[in-house]
Amino acid sequence: MKVTVTGGTGLIGRGLVRALRARGDEVTALSRNPERAREELGVPVHAWRPLDEPAPAAALEGRDAVVHLAGESVAQRWTDASRRAIRDTRETGTRNLVAGLRAAGPRPDVLVSASAVGYYGGHGDEVVDEATGPGAGFLAEVCVAWEREASAAAELGMRVVNVRTGVVLDKDGGALPKMLPPFRAGVGGPVAGGGQYLPWIHAGDLVRVYLAALDGPDWSGAVNGTAPEPVTNREFSRRLGRVLHRPAVVPVPAAALRLLYGDMAEMVTEGQRAVPRRPLELGFAFDHADLDAALRDVLA
Ligand SMILES: NC(=O)c1ccc[n+]([C@@H]2O[C@H](COP(=O)([O-])OP(=O)(O)OC[C@H]3O[C@@H](n4cnc5c(N)ncnc54)[C@H](OP(=O)(O)O)[C@@H]3O)[C@@H](O)[C@H]2O)c1
């Protein structure tokens, strides 16, 4: 398969590009910094500034599929400027990708685009799946706009999949390495009361969700990229402490997180009990459905 990947230099993209190449697919990447991306990924790279221009048709025509991962990091203090960058890189950036696809001929058959479980907003203990409607708040609004722009590729006759991604567990980036220092020092523990759900997924399983979405003619629309058994933040802390052989009893108050991260703290203090109903219906089998085993594998 010939696959073009945006955001291939990121946490998810690096693993996905590696997996695509390992199975013999031909990968091209789009990056704001093509020299660096070429060096890091070892694949041909075209320059693309998602906010400023349509994606280059030369990188899209004649390809079988596109995976869209590029976007300003959500895991940073939300200021007016960072909120704008987070939203615009998803909304305008995805619109510019689809504009490039519109101009390309022949076009790829499928677009698999990242989205996030933030789509659902806060739902407390309630189980949410792909049939649940969008929530309120900044991230939910970003995800709605992001999915709307990606779904416009369906009007071009493409199959579109939006992967509503949970908290990716990976040793090289994302949330887990940030959690580890206090836990290793024996001062880790539940955050903001710990009752909120943490919709985790092992990075390897998320890459396999992307591969399944690329390959499966039945995969379309929203799919949750989360493990089948989300746990509360308290339970996650307990399991992480157990895997590290450290106590995990020192609570972190919500106010401390808010002081550090501003409104971004809501990503940790709210959480979603999201389950992957669509992937399971489509026959996807998780390699890492058990949290202890997933943590042991990631931290090995
Ligand atoms: N990791 C998670 O836990 C998680 C959870 C939910 C959703 N997601 C979503 O999944 C996608 C991939 O996640 P990730 O963790 O792999 O992302 P990432 O590592 O933060 O970044 C992905 C890539 O996006 C490009 N990028 C960064 N800032 C940009 C900007 N201001 N304008 C344009 N491009 C920019 C960069 O590529 P270049 O420098 O090569 O251009 C970067 O390597 C993201 O859209 C993310 O929101 C991730």
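In listed order, ligands and their atoms are each counted from 1. For clarity, every value in this text was computed on a predicted model and none was experimentally measured.
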Exercise. Looking only at heavy atoms, is any part of Y119 under 4.0 Å from ligand 1, and if so is it the side chain, the backbone, or both, or is it neither?
Worked result: neither
Seminar exercise, completed: Honestly, for T89 the part within reach of ligand 1 (heavy atoms, under 4.0 Å) is side chain
For this session: Can you pull out the closest protein heavy atom to atom 38 (P) of ligand 1? Residue, atom name and distance to 0.1 Å, please.
Result: T9 OG1, 3.4 Å
Exercise. Are E72 and R84 within salt-bridge range, i.e. N to O under 4.0 Å?
Worked result: no
Exercise. Quick one: which ligand 1 atoms are inside 4.0 Å of a heavy atom on R36?
Worked result: 38 (P), 39 (O), 40 (O)
For this session: Starting from atom 15 (O) of ligand 1, find the nearest protein heavy-atom neighbour and note its residue, name and distance.
Result: L11 CB, 3.7 Å
Seminar exercise, completed: Logged contact type for R90 with ligand 1, heavy-atom cut-off 4.0 Å, is side chain
Exercise. Identify the closest protein heavy atom to atom 27 (C) of ligand 1: which residue and atom is it, and at what distance?
Worked result: G71 O, 3.2 Å
Exercise. Salt-bridged, R14 to D172, with N to O below 4.0 Å?
Worked result: no
For this session: Tell me which part of A37 gets within contact of ligand 1: side chain, backbone, both or neither, using heavy atoms under 4.0 Å.
Result: neither
Seminar exercise, completed: Min over G166, A116, G174 of heavy-atom distance to atom 4 (C) of ligand 1 lands on G166
Problem set entry | Pairing of E141 and R87 as salt bridge, 4.0 angstrom limit | no
For this session: Can you pull out the closest protein heavy atom to atom 44 (C) of ligand 1? Residue, atom name and distance to 0.1 Å, please.
Result: L69 O, 3.3 Å
Seminar exercise, completed: atom 2 (C) of ligand 1 sits nearest the protein heavy atom V168 CG2, 3.4 Å
Problem set entry | Pair E281 + R278, salt bridge at N-O below 4.0 Å | yes
For this session: Could you find the nearest protein heavy atom to atom 22 (C) of ligand 1 and give me its residue, atom name and distance?
Result: G10 CA, 3.8 Å
For this session: Give the residue and atom name of whichever protein heavy atom lies nearest to atom 29 (C) of ligand 1, and the separation in Å to one decimal.
Result: R32 NH1, 3.2 Å
Exercise. Which bit of A175 gets closer than 4.0 Å to ligand 1, counting heavy atoms only: side chain, backbone, both or neither?
Worked result: neither
